[in-house]
Every structure is written in C-alpha cells, then in structure tokens.
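The structure under discussion appears below in the form of structure tokens.
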Number of protein chains: 2
Amino acid sequence: MDQRHATALKAAGMKATPKRLAILEMLEAEPGYASPEELWKRLKDRFDRLGLPTVYRNLEELSASGVLSKVIHPNRQLYYYFCSNREHHHHFVCLSCRKVEDIPACGIEALEQEVSKRNGGKVLSHILQLNGLCGGCADNGEKR
Amino acid sequence: MDQRHATALKAAGMKATPKRLAILEMLEAEPGYASPEELWKRLKDRFDRLGLPTVYRNLEELSASGVLSKVIHPNRQLYYYFCSNREHHHHFVCLSCRKVEDIPACGIEALEQEVSKRNGGKVLSHILQLNGLCGGCADNGEKR
DNA sequence: CCTCTAAATAGAAATGATTTCGTTTTAGAA
DNA sequence: TTCTAAAACGAAATCATTTCTATTTAGAGG
Ligand SMILES: [Mn+2]
Ligand SMILES: [Mn+2]
Ligand SMILES: [Zn+2]
Ligand SMILES: [Zn+2]
C-alpha cells in the first residue's frame with residue numbers, strides 16, 4: 001500500500017480504497033495523461049471486478065479534490081494526469097505523446113488584477129495551457 | 001445583407017450563405033457566448049427550414065477559420081462567440097451571464113520561449129482563459 | 001478484534017450532445 | 001442562364017459519460 005497516496009486521499013476526505021490507490025499508482029507511473037477507459041483496461045486485470053463508471057467517478061472526484069489534474073483537450077474527451085507539485089503552476093501538454101511538463105511560472109496574477117480593476121469582475125479560476133509538441137515529438141515529423 | 005460578414009466569409013474561403021450570415025449577425029449582437037441549440041432555436045423562425053446539424057457544422061467551420069471563437073467551458077459543451085478584434089488576445093468569460101470581455105495582453109510569449117528553451121518543445125497553441133464572475137454578477141450573489 | 005453505517009462499487013441501462021450519411025438544394029463562378 | 005462543388009436537410013447513429021438500484025466495503029467507534 002502506498003502510504004503517500006493513502007495520506008493524500010485522507011487529506012482530501014476520501015476513503016483510501018484499493019481501487020483509488022491503484023488509479024493513483026498507475027497515473028503516477030505515467031509520464032503523461034490517460035483516459036478513463038485506458039486506465040480501466042489496464043487496471044481491471046488487477047481486480048476481480050472493476051466497473052468503468054467507478055473509474056470515471058474516481059477520476060472526477062480525485063480531480064475535484066486536487067489529487068489529480070484534468071486535461072483540457074481539443075477533442076473534448078476526458079483525460080487526467082498526476083502531478084505532485086502542490087505549488088500553483090501550469091502545464092505544457094504534448095498532443096502527440098501526451099507528456100505533461102511543468103511550467104514554472106505564469107503572469108496570470110497581473111492579468112487577474114487587470115480584470116478586477118478594469119471590469120470590476122472576479123476571477124474564480126483560470127485556464128492556461130500550452131499545446132504543442134515536446135522535444136522528442138518535434139524532432140520526428142509526427143503530428144496529432 | 002451584411003457586407004462585413006460576407007467579406008469575412010469570403011476571406012475565409014467560405015460561401016456567404018444566408019444561414020451563415022444569420023449566425024454571424026446573431027452572435028455579433030450577443031454580448032456573450034451561445035450554444036448551437038440556442039442559436040438554432042432563435043434562428044429557425046427566420047428560415048423555412050434550418051437543421052440543428054447545419055448550425056453545429058457552421059459554428060465549427062467558422063471557429064476553425066477564425067471567424068468565431070469557441071469557449072472552453074467546464075461543462076465541456078460547445079459554445080461560441082463573436083469577437084471582431086483580429087489582434088492576438090484572450091478573453092475573460094463570465095460563467096454566470098456568459099459575457100465575454102477582452103483581455104488586452106498576456107505574458108504568454110515569455111512562457112512559450114521558456115518552454116522551447118528548456119524542453120526543446122514547440123508550442124503550437126495555447127489556452128488562456130479566466131473564469132469567474134463579471135462586475136454585474138459579482139454584485140448579486142449569483143453563481144453558476 | 002467486532003459492529004455498524006455512510007461511502008464506494010457493480011453493472012446494466014439510459015442519456016443526450018454531437019456527428020454521420022445519403023439525398024436535395026443552392027451560391028456563385030463561368 | 002448553366003453548371004458544379006459546396007452547403008443544407010433531417011432522420012438516424014454514435015458513443016463517451018452518467019444514472020440508477022442493489023450490493024459491498026472502509027474505517028470509525030466500541
Ligand atoms: Mn505539474
Ligand atoms: Mn476578443
Ligand atoms: Zn511529445
Ligand atoms: Zn456576468
């Protein structure tokens with residue numbers, strides 16, 4: 001049992017079930033993001049029974065509680081990844097190999113202030129994602 | 001017939017059909033974003049026949065050619081809006097009243113360079129969106 | 001260790017936004 | 001006016017995601 005993940009789950013107010021731990025282990029081992037169905041196919045060998053809705057539900061709950069992160073993908077399907085960096089930061093996502101890399105800083109704070117000042121609005125959240133090709137994929141002619 | 005929109009369509013290599021012009025007129029009059037079905041319901045009175053797939057198709061094509069913009073919405077459904085500012089810029093989207101406001105500048109360029117330099121990757125596109133409540137909605141206690 | 005209960009899961013079925021497809025209509029070039 | 005590729009129709013399909021009800025289980029409390 002991975003104590004780190006069990007602790008993270010408890011901190012999020014969630015029970016540390018074997019299936020949740022398995023999902024976290026699998027996504028942590030992954031360098032990039034994965035879809036619910038992919039994770040399900042790879043995990044269901046390790047359990048007598050594992051429903052696809054359970055994977056969907058847990059990924060969403062884990063994402064909502066901040067244990068996992070969700071990708072905003074052009075195809076509008078759901079993908080999740082694991083990032084242990086608790087600081088506020090953003091990610092570079094490779095659309096070819098799915099690798100997710102940290103972006104150390106962003107100038108969002110200035111933008112938020114600008115919005116508040118100019119329009120009187122309130123920024124509740126922001127999305128900043130760079131899409132492209134990572135070093136490896138840019139070298140090959142790959143695309144997509 | 002709105003010559004500006006007809007010209008924009010021609011510039012995008014698309015035929016200036018009455019339905020496309022109607023979609024553009026309606027979205028331009030809108031202060032915020034709208035869903036395909038909403039637009040369809042409001043437009044089909046003005047045409048003997050107007051199919052929902054036609055609205056979906058045109059919105060997607062207009063978005064792909066840059067005449068319209070697409071919202072990245074938390075509920076993962078499709079929404080589009082019209083913005084005549086041809087400069088590269090981003091938007092503040094109110095999740096309550098759907099208003100879309102321009103964000104004059106962003107610090108993305110520095111980030112892109114950082115990514116290219118550090119990881120050797122190539123940024124093909126980026127998503128930057130601030131979600132929240134606009135001035136009017138922040139005043140009332142509204143949410144959602 | 002037991003007990004107990006709210007939380008988690010199973011799995012079949014439903015959902016519904018979006019897309020597909022074969023046919024018909026039309027914009028606009030010639 | 002003619003002609004053709006593009007656009008639109010609209011019923012049907014798609015399929016990722018969610019819902020629902022019954023069953024199981026994590027873990028708090030004793
Ligand atoms: Mn990260
Ligand atoms: Mn704009
Ligand atoms: Zn890559
Ligand atoms: Zn608002």
Side-chain angles (χ1 to χ4, degrees), chain A residues 1-3 5-24 26 33-65 67-68 70-80, chain B residues 1-3 5-24 26 33-65 67-68 70-80:
Chain A
M1 177 200 0
D2 193 318
Q3 193 53 50
H5 291 153
T7 303
L9 287 171
K10 184 153 306 181
M14 303 171 75
K15 290 186 180 177
T17 70
K19 286 159 188 180
R20 280 178 181 159
L21 293 171
I23 287 172
L24 290 179
M26 180 147 290
Y33 60 83
S35 73
E37 185 159 13
E38 288 160 0
L39 292 169
W40 173 64
K41 282 180 180 165
R42 290 156 59 190
L43 284 171
K44 64 179 179 175
D45 301 330
R46 299 168 47 180
F47 295 95
D48 300 13
R49 336 176 85 200
L50 173 62
L52 181 54
T54 294
V55 178
Y56 269 93
R57 187 184 340 101
N58 278 315
L59 287 171
E60 186 51 38
E61 290 167 352
L62 291 166
S63 166
S65 66
V67 180
L68 291 180
K70 195 190 297 198
V71 174
I72 294 158
H73 199 280
N75 73 8
R76 292 183 305 115
Q77 293 184 194
L78 293 170
Y79 300 96
Y80 300 86
Chain B
M1 175 200 0
D2 192 320
Q3 193 54 49
H5 291 153
T7 302
L9 287 171
K10 185 153 307 179
M14 302 172 75
K15 291 186 180 176
T17 70
K19 286 160 187 180
R20 279 179 182 160
L21 292 172
I23 287 172
L24 291 179
M26 181 147 287
Y33 61 84
S35 73
E37 186 160 13
E38 287 160 0
L39 292 170
W40 173 64
K41 282 180 179 165
R42 289 156 59 188
L43 285 171
K44 63 180 180 175
D45 300 331
R46 300 167 48 179
F47 295 96
D48 300 13
R49 334 176 86 200
L50 173 61
L52 182 54
T54 293
V55 178
Y56 269 93
R57 188 185 339 102
N58 278 315
L59 288 170
E60 185 52 37
E61 289 166 353
L62 291 167
S63 165
S65 67
V67 181
L68 291 180
K70 195 189 297 197
V71 173
I72 294 158
H73 199 279
N75 72 8
R76 292 185 307 115
Q77 292 184 194
L78 293 169
Y79 299 96
Y80 299 86

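Numbered from 1 within each chain, the chains take letters A, B, ... in sequence-line order.
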Outer limits of DNA chain C sitting under 4.0 Å from a non-hydrogen atom of chain B, read 5' to 3', are C:dA17 to C:dG28

Here the distance between atom P of D:dA16 and atom NE2 of A:H73, to the nearest Å, is 14 Å

_When you measure from the centre of the six-membered ring of B:F47, is the NZ or CZ of B:K19 closer than 6.0 Å and no more than 45° off the axis?_
yes

To the nearest angstrom, the NZ-C1' distance between B:K10 and D:dA7 comes to 16 Å

The residue, A:E60 or B:K19, whose nearest nucleotide of DNA chain D is more 5′ is B:K19

A:L78 CG to D:dC15 P, in whole Å, measures 16 Å

- Message: Once you apply a heavy-atom cut-off of 4.0 Å, does B:R76 come out as touching a base, just sugar-phosphate, or nothing?
- Response: sugar-phosphate

Between the CZ atom in A:R76 and the CD atom in B:Q77, the distance rounded to the nearest 0.5 Å is 8.5 Å

The residue among A:N58, A:T54, A:T17 that forms side-chain contact (heavy atoms from CB on, under 4.5 Å) with A:I23 is A:N58

For the pair B:D45 and B:L50, evaluate side chain to side chain contact (heavy atoms under 4.5 Å, CB included) and give the outcome as yes or no after the intermediate values. CA-CA 9 Å; B:D45 300 331; B:L50 173 61; over 6 Å; no

d(B:L39 CG, B:Y79 OH) to nearest 0.5 Å is 11.5 Å

NE2 (A:H5) and CZ (A:R20) are apart, to the nearest 0.5 Å, by 14.0 Å

A:E37 CD to D:dA16 C1', in whole Å, measures 8 Å

Need one value for A:R20: base, sugar-phosphate or nothing, where a base atom within 4.0 Å counts as base even if backbone is also close, heavy atoms only. sugar-phosphate

A:R57 CZ to D:dT24 P, in whole Å, measures 16 Å

Separation of D:dT25 atom C1' from A:N58 atom CG, nearest Å, is 13 Å

In this structure, OG of A:S35 is separated from OH of A:Y80 (nearest 0.5 Å) by 10.5 Å

Of B:M14 and B:Q77, the one whose closest nucleotide on DNA chain C sits nearer the 5' end is B:Q77

In numerical order, the residues of residues 39-56 of chain A whose heavy atoms come under 4.0 Å of DNA chain C are A:R49, A:L50, A:G51, A:P53, A:T54

*asked:* Below 30° counts as parallel, above 60° as perpendicular, anything between as tilted: where do the rings of A:H73 and A:Y33 land?
replied: perpendicular

Any side-chain to backbone donor/acceptor pair from B:S63 onto B:L59? Under 3.5 Å, distance only. no

